Amino acid sequence: MEVIQSISDLREKLKSHRDNGKSIGLVPTMGNLHQGHARLVESAAEENSITVVTIFVNPLQFNPGEDFENYPRTLNEDIEILENLNCDYLFFPKNDEIIERRSSDQALIKAPQISRILCGKSRPGHFDGVATIICILFNIICPTTAYFGLKDYQQYLIIKKLVSDFRIQVGIKGIETARDKNGLALSSRNIFFSSKELKIASQLFFSINEISKALHAGNKNFKILEDKAKRQLSIAGFLPDYCSICHANTLNPADSNDKDLVILVAAHLGSVRLIDNLRVFLNH
Ligand code: PAF
């Protein structure tokens, strides 16, 4: 694996692969890699000739007071993980290689409406920052296919819409969430939990599973199910942000005729804001 820091070096390498007809799989990350990222890299490597992973903690997607400064940065460990996967290039650019030095003057993409609800409501501008960095990376790398974790389900839908609206020629693939033995979705931020908090954290998946069971059993009292889950989370020690049963494509609140649903949840535990979701297909 080659570690590359400059845009021009990466462009040059990838151009020669492209000229030789090779497909390029891209896995954009912010580092502190775990098994969830490994699955993305494995899928990219299986389906493409060349695999590029990027590590860039993107300041544009953090609001003031969020954890940009404290976001875990573990380059050496990340390189070791990637060396054991079939990754060809790690692109690890410096901040000013990627975004305008005075970040207040950086051109920004306005993410579509679907970015203003759920996580976008609590983190205004977050998805504009994500959309912007993803466009920058797509412009540098011109991947055949890019891989994203479905844990960030809203992000995945926004990126699909971005690519469709801007006519960007890249396939977008969502990869199933990797979980620990208690069901907790793997996340770079889990390292901030104490062992006691880690146990509590798995309640998040438990709550959305309970909702899923109720939906499969024919319960369509969405509001009551959402409120009950939020209450359970509060009792367990979380500060719930939202728990919403939505249509899986539009993220509109679920309607009793909808069959393809997603349950999305976000809650704070200690200093960490956790998110998770569960897709539910109903046949009644
Ligand atoms: O999901 C993430 O880690 C980030 O939002 C992404 C897609 C790498 C953009 O910075």
Side-chain angles (χ1 to χ4, degrees), residues 7 10 25-41 43-44 51-63 66-75 77-78 81-82 87 89-100 103 106 108-112 114-115 118-120 122-141 143 145-163 166 168 170-178 185-192 264 266 272-277:
I7 293 177
L10 185 66
L26 166 66
V27 180
T29 82
M30 299 207 297
N32 192 240
L33 304 180
H34 50 64
Q35 196 51 41
H37 297 110
R39 282 197 191 171
L40 305 184
V41 180
S43 301
T51 298
V52 182
V53 172
T54 64
I55 295 183
F56 182 67
V57 185
N58 170 28
L60 301 174
Q61 68 187 77
F62 289 80
N63 281 307
E66 289 187 348
D67 55 354
F68 174 69
E69 300 296 339
N70 293 334
Y71 197 85
R73 289 161 172 87
T74 52
L75 181 64
E77 289 86 340
D78 292 348
I81 291 174
L82 292 174
C87 176
Y89 298 103
L90 166 61
F91 181 49
F92 176 69
K94 296 216 173 71
N95 256 18
D96 54 12
E97 179 84 7
I98 288 285
I99 54 173
E100 161 66 36
S103 63
Q106 166 74 43
L108 279 179
I109 284 176
K110 186 165 174 277
I114 197 173
S115 72
L118 304 167
C119 281
S122 323
R123 306 182 70 190
H126 165 69
F127 289 118
D128 296 347
V130 171
T132 304
I133 192 65
I134 290 302
C135 262
I136 294 172
L137 293 172
F138 284 177
N139 281 333
I140 297 169
I141 294 159
T145 307
Y147 297 78
F148 295 88
L150 287 173
K151 180 173 80 71
D152 298 293
Y153 187 76
Q154 187 177 10
Q155 168 175 283
Y156 164 75
L157 289 185
I158 290 165
I159 291 169
K160 286 221 307 192
K161 176 111 173 52
L162 178 78
V163 160
F166 283 177
I168 305 176
V170 55
I172 301 297
K173 283 222 167 155
I175 302 295
E176 280 310 318
T177 304
L186 299 190
S187 158
S188 301
R189 291 182 170 101
N190 291 355
I191 61 161
F192 293 123
L264 300 121
V272 179
R273 183 175 182 277
L274 279 177
I275 59 172
D276 203 352
N277 69 81

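In listed order, ligands and their atoms are each counted from 1. Worth saying up front: this structure is predicted, and the values here are computed from it rather than measured. In this chain, numbering begins with 1 at the start of the sequence shown.
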Checklist entry - Between P28 and Y147, which heavy-atom pair has the shortest distance, and what is it? => result CD-O, 3.6 Å
Checklist entry - Tell me, do Y153 and T177 make a side-chain contact under 4.5 Å, heavy atoms counted? => result no
Next on the checklist: Using every non-hydrogen atom in the two residues, find where L10 and I140 come nearest and quote the distance to one decimal.
Outcome noted: CD2-CG2, 4.1 Å
Next on the checklist: Within the 4.0 Å heavy-atom shell around I133, which atoms of ligand 1 are there?
Outcome noted: 9 (C), 10 (O)
Checklist entry - Taking atom CG of D67 and atom CZ of F62, what is their separation to the nearest 0.5 Å? => result 5.5 Å
Checklist entry - Under 4.0 Å from any heavy atom of P28, which atoms of ligand 1 are there? => result 8 (C)
Checklist outcome for this item: protein heavy-atom neighbour closest to atom 3 (O) of ligand 1 works out as M30 CG, 3.8 Å
Checklist entry - In the protein, which heavy atom is nearest to atom 1 (O) of ligand 1, and how far is it? => result Q155 NE2, 2.9 Å
Next on the checklist: Give the atom numbers and elements of ligand 1 that come within less than 4.0 Å of a heavy atom of Q61.
Outcome noted: 4 (C), 5 (O), 9 (C), 10 (O)
Checklist entry - From Q61 CD over to Y71 OH, what is the distance, rounded to the nearest 0.5 angstrom? => result 8.0 Å
Item to check | Part of T29 within contact of ligand 1 (heavy atoms, under 4.0 Å) | outcome: backbone
